[in-house]
Amino acid sequence: MSPAAAALAPVVDVHPYAAREAFAALLAHAVPGLERVEASTGTYERLVPTPAGPRLVQAHFAGDQVTVSARIRPGSVDQLGAVGHRVRQWLDLDTDLAAAARHLGGDPVLGPLVAANPTLRILGAFDGFEATVMTVLGQHVSLQAAQTFAARLVQRWGVLDADSTLREFPSPATLSVADATQLQSVVGVTGARARTVVALAQACAQGLVIAPDSDHSEVRRRLLALPGIGPWTVDYVAMRALRDADAFPHGDLVLRKALDLPTQHEVLTRSAGWAPWRAYAAIHLWHHAAYAKHL
């Protein structure tokens, strides 16, 4: 895209922010073809959907600051508002971290983690359908396998943006008519997992909206009714796509190890006092246990 065809416009500049921790999570989860991450410069790029079409967003993570810009075509400056709204949700900028810290700070396990990372936020999702599909692809497999599956899905069904050379995530309409057997073959997932992706796409194509302003109880109910989607998936989606501050995937193995507890029930019991901020308890535990090696 030539400079005459588009302008790089500032969207968000936030400080202080747990930029190193956020970038470590992005680096660990980045999907080739959908996202571009440059570890040496702390730069992240992806296409973000807007009513006027996808816009390339570039985020730079450095120290305790995040700067986000978007490439806006002439005549589309009004789309900065749409991009900015999605970026704020993605970076979790509207949560009262002070309230979360007051509630969690007295816990003997969480207190030191919150004190060490007071600006740690939950990276959200630019699109709820995408986040849910990615979560389904990551069920019961390694992070590397999940990235491989997602990259294959995007390569086959995602729309290429010639200017950025990145692809848009496939829409619900596109995947709703995909053949599950073909999806299984192309992506490399099990037949059951492929059928879950198609069923999810059909539900979203028929009106299920996975977004912060949706009816959370209804979204949870409809997701749990789909084959192959259980409580862990729904809680994780609720954290990232619904912005539910109290969502807590108590069946998560990393959380169990971080708390040194042998059963899901004990993890759930241990988390009771963290409500209504259990999602922030989870993100602190995850970063402490799983992402330190990427910092």
Side-chain angles (χ1 to χ4, degrees), residues 11-31 34-39 42-49 57-70 83-97 100-101 113-114 116-135 137-138 143 146-147 150 166 169 210-212 232-249 252 254-255 258 277-295:
V11 176
V12 165
D13 188 351
V14 56
H15 167 88
Y17 192 94
R20 292 172 65 248
E21 290 80 2
F23 189 73
L26 290 171
L27 190 62
H29 290 268
V31 175
L34 179 72
E35 301 161 297
R36 189 155 45 224
V37 185
E38 180 53 60
T43 303
Y44 171 87
E45 294 183 327
R46 67 157 292 151
L47 296 168
V48 173
V57 164
Q58 300 175 329
H60 182 64
F61 296 78
D64 60 354
Q65 184 170 5
V66 182
T67 304
V68 184
S69 300
V83 174
H85 176 68
R86 288 179 179 269
V87 167
R88 289 192 65 83
Q89 288 189 335
W90 174 54
L91 294 176
D92 188 24
L93 297 184
D94 297 320
T95 294
D96 184 357
L97 288 188
L113 302 183
V114 173
N117 286 295
T119 58
L120 183 65
R121 295 179 181 271
I122 298 174
L123 280 176
F126 284 109
D127 179 79
F129 171 67
E130 174 190 319
T132 308
V133 171
M134 300 283 247
T135 305
L137 293 178
L143 182 55
Q147 290 170 301
L166 292 171
F169 193 82
I210 305 169
W232 180 91
T233 298
V234 172
D235 278 320
Y236 185 75
V237 168
M239 285 180 64
R240 298 196 60 236
L242 299 183
R243 310 300 326 173
D244 183 348
D246 200 39
F248 189 75
D252 185 78
V254 175
L255 291 180
W277 296 101
R278 291 184 299 172
Y280 289 84
I283 204 66
H284 277 283
L285 291 167
W286 275 336
H287 274 270
H288 176 69
Y291 298 137
K293 64 182 180 181
H294 294 285
L295 295 175

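These numbers come from the heavy atoms of this one structure, side chains and all, not from hydrogens, waters or symmetry mates. Note that the numbering runs from 1 along the sequence shown for the chain.
Counting heavy atoms from C-beta outward, L120 and H287 have side chains that approach closer than 4.5 Å. Put simply, the side chain of V68 reaches to within 4.5 Å of the side chain of L91, judged on heavy atoms. A heavy-atom distance below 4.5 Å is found between the side chains of F169 and V133. With contacts defined as side-chain heavy-atom distances shorter than 4.5 Å, the pair V11/V57 does not qualify. Residues W286 and L255 are in side-chain contact: their nearest non-hydrogen atoms beyond the backbone lie under 4.5 Å apart.
The ring-ring contact (aromatic ring centres under 6.0 Å, His included) search around W90 returns Y44, F126, not counting sequence neighbours. D246 meets the salt bridge (Lys or Arg N to Asp or Glu O under 4.0 Å) test with R278; sequence neighbours excluded. With sequence neighbours excluded, the residues satisfying salt bridge (Lys or Arg N to Asp or Glu O under 4.0 Å) with R243 are D92. Every residue meeting the salt bridge (Lys or Arg N to Asp or Glu O under 4.0 Å) condition with D94, not counting sequence neighbours, appears here in chain and number order: R88. Applying the side-chain contact (heavy atoms from CB on, under 4.5 Å) rule to P118 yields no partners; only residues at least two apart in sequence or on another chain are considered. For the side-chain contact (heavy atoms from CB on, under 4.5 Å) test, residues two or more places apart in sequence or in another chain that qualify with H85 are Q89. Taking Y280 as the reference, W277 meet the ring-ring contact (aromatic ring centres under 6.0 Å, His included) condition, with sequence neighbours excluded. Partners of A258 according to the side-chain contact (heavy atoms from CB on, under 4.5 Å) rule, which considers only residues two or more places apart in sequence or in another chain, are L285, A289. Shown here are the ring-ring contact (aromatic ring centres under 6.0 Å, His included) partners of F23, two or more places apart in sequence or in another chain: F61. Applying the side-chain contact (heavy atoms from CB on, under 4.5 Å) criterion to A238, with sequence neighbours excluded, gives R220, L242, D244, A247. When the side chain to side chain donor-acceptor pair (under 3.5 Å) test is applied to E38, the partners found at least two apart in sequence or on another chain are S40.
Counting all heavy atoms, side chain and backbone alike, A241 lies closest to P212 at O-CD, 3.2 Å. A25 and L123 get closest at one heavy-atom pair: CB-CD1, 4.4 Å. Between V83 and A70, the shortest heavy-atom contact is CG1-CB, 4.0 Å. A pairwise comparison of heavy atoms in A62 and A19 identifies N-CB, 4.0 Å as the closest pair. When all heavy atoms of A282 and M239 are compared, the pair lying nearest together is CB-CE, 4.1 Å.
Applying the side chain to side chain donor-acceptor pair (under 3.5 Å) rule to pairs touching residues 120-134 yields R46-E130, sequence neighbours excluded.
Results of the side-chain hydrogen bond (donor to acceptor under 3.5 Å, both in side chains) test with H15 over T67, D64, T119 single out D64 as the only residue that passes.
Atoms CG and CG, on D235 and D252 in that order, are 10.5 Å from each other to the nearest 0.5 Å. Atom NE2 of residue H284 and atom CD of residue E21 lie 9.5 Å apart, to the nearest 0.5 angstrom. Interatomic distance, CD of E45 versus CG of L166, reported as 6.5 Å (0.5 Å rounding).
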Derivation of the side-chain contact (heavy atoms from CB on, under 4.5 Å) call for R240 and T135: CA-CA 10 Å; R240 298 196 60 236; T135 305; 5.5 Å; no
Chi angles and distances behind the side-chain contact (heavy atoms from CB on, under 4.5 Å) call for Y17, L93: CA-CA 9 Å; Y17 192 94; L93 297 184; 3.7 Å; yes
